[in-house]
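Worksheet: one structure, shown below.
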Number of protein chains: 2
Amino acid sequence: MTQATPTPAQPAGLDFPLVRRTGYLLNKAGSILMEDAERVLMAQGMRLRYFYVLAALDGDLSLSQQDLSRLLHLDPTTMVALIDEMEQAGHVERRRNPSDRRRYILSLTGDGREALERAGSAVDAVEQDFLSAVPEKDRERLRALLGDLLADRWPRVIACE
Amino acid sequence: MTQATPTPAQPAGLDFPLVRRTGYLLNKAGSILMEDAERVLMAQGMRLRYFYVLAALDGDLSLSQQDLSRLLHLDPTTMVALIDEMEQAGHVERRRNPSDRRRYILSLTGDGREALERAGSAVDAVEQDFLSAVPEKDRERLRALLGDLLADRWPRVIACE
DNA sequence: TATTGTTATACTCTATAACTATA
DNA sequence: TATAGTTATAGAGTATAACAATA
């Protein structure tokens, strides 16, 4: 049952009306959670975008670097450096696409899949912790509301930060 | 009544499981909204942090630059440049604090208050538009849930991005 | 002629360190 | 000795432009 404090308690003496906006709270909740997630990923030597690319490469689609950079809205040059890093870490393999030799087919290695799982668990834990302030039923509710809000915001929903 | 799509529709052929996490959706909802807000503020020659400082200075407290930089979690050197800009725009006035001549007392000018109001309206409109996908009652619900989630996250709730 | 991946380069932003004036 | 504000500078991160290979 949600009630009581409609907004976070503010320190005595300070009134910051911004904090009463739903949009402000939404933004803050999202960015605090993301910061926490990035911090836990950092501990695994991984930034959030690294995690996103792992996740994107986990599907069945064969994606090129340009596909990825368009999908995640990251600059192609940034993507080069990122894939370099992932390849060096042994998480991703580049092989030429035989039907268009300009492109790579990128794929996860076993280590990459392992890293994805490990990172996923860590992020899950952060998320669970963050959401623990609210009972299970309300979490479902929250997820549904967010789904509604984002329903027609594709493809921005996938963009990287 | 919220139901139907629990997650945004994904383009055919792509499955991005990340999108089913409540935390991911929360993050995205927040950052999409913030991007939209920043875009509308840009049109007024203002970044989000500019707006935050205006809002912070609107209260009764007399805040120094260091107070502001601690409150909004912005580097003191960044704050100097920001207040310079605001002073030049005629939105903020610096005068020495007579009881500690190292500090300034910063205050909004009439123009500054006007700019705050104008910016506030613009951000409100963005927020209303974003939330319009969800009926009024659910918006209240959302706000309450977010308030609960953030209740014990002070003072991060006020930090600038 | 256009596109993928790449490199080199320029630019923007932020943080670091050092200075001044006050306390 | 410590703090507020300031400046100059270095560093990280990102975008821009030009190039080679392929289509």
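Chain naming here is simple, since letters A, B, ... match the order of the sequence lines and numbering starts at 1 in each. Only a predicted model underlies this, so the values are computations on that prediction, with no experimental measurement involved.
Atom pair Y104(A):OH and dT22(D):P shows a separation of 11 Å (rounding to whole Å applied). In this entry the distance linking CG of N97(B) with P of dT22(C) reads 13 Å, nearest Å. Atom-to-atom, CD of E87(A) to C1' of dG5(C) comes out at 12 Å; the value is rounded to the nearest Å. A straight line from CG of L82(B) to C1' of dT6(D) spans 15 Å, rounded to a whole angstrom. One can place CD1 of I83(A) at 9 Å from P of dT6(C), the figure rounded to the nearest angstrom. To the nearest angstrom, P of dA4(D) lies 18 Å from CG of D84(B). Regarding H73(A), its NE2 atom lies at a distance of 13 Å from the C1' atom of dA15(D), rounded to whole Å. Between the P atom of dT3(D) and the CZ atom of R96(B) lies a distance of 18 Å, rounded to the nearest Å.
Between R103(B) and P76(A), the one whose closest nucleotide on DNA chain D sits nearer the 5' end is R103(B). Each of L106(A) and D100(B) lies near DNA chain C, and the nucleotide nearest L106(A) is the one positioned closer to the 5' end.
With E87(A) contributing its side chain and E93(A) its backbone, the two residues share no donor-acceptor pair below 3.5 Å.
Test L106(A), D67(A), L74(A), D84(A) against M79(A) for side chain to side chain contact (heavy atoms under 4.5 Å, CB included) and you get one pass: L74(A).
S64(A) comes within 4.0 angstrom of the backbone, heavy atoms only, and of no base. Residue contacts for D75(B): at a heavy-atom cut-off of 4.0 Å it reaches a base atom on one of the strands shown.
Using a 4.0 Å cut-off between charged nitrogen and carboxylate oxygen, D138(A) and R143(A) do not count as a salt-bridge pair. A salt bridge links R153(A) and D36(B); the closest N-O separation between the charged side-chain nitrogens and carboxylate oxygens is under 4.0 Å.
Taking only side-chain nitrogens and oxygens, R94(A) comes nearer than 4.0 Å to OP1 or OP2 of dT6(C). At the phosphate of dT14(C), OP1 or OP2 sits under 4.0 Å from a side-chain N or O atom of R49(B).
Cation-pi geometry between R95(A) and Y104(A) is not met at under 6.0 angstrom from the ring centre and within 45 degrees of the axis.
For R70(B), whose side chain is taken as the heavy atoms from C-beta onward, the closest listed nucleotide among dT16(D), dT16(C), dA4(D) is dA4(D). Residue R101(A) has its side chain nearest to dA23(D) when only dG5(D), dG5(C), dA23(D) are considered. Comparing dT7(D), dT14(C), dA15(D) by their closest approach to the side chain of T78(A) singles out dA15(D).
Side-chain atoms of R102(B) and base atoms of dT3(D) include a donor and an acceptor less than 3.5 Å apart.
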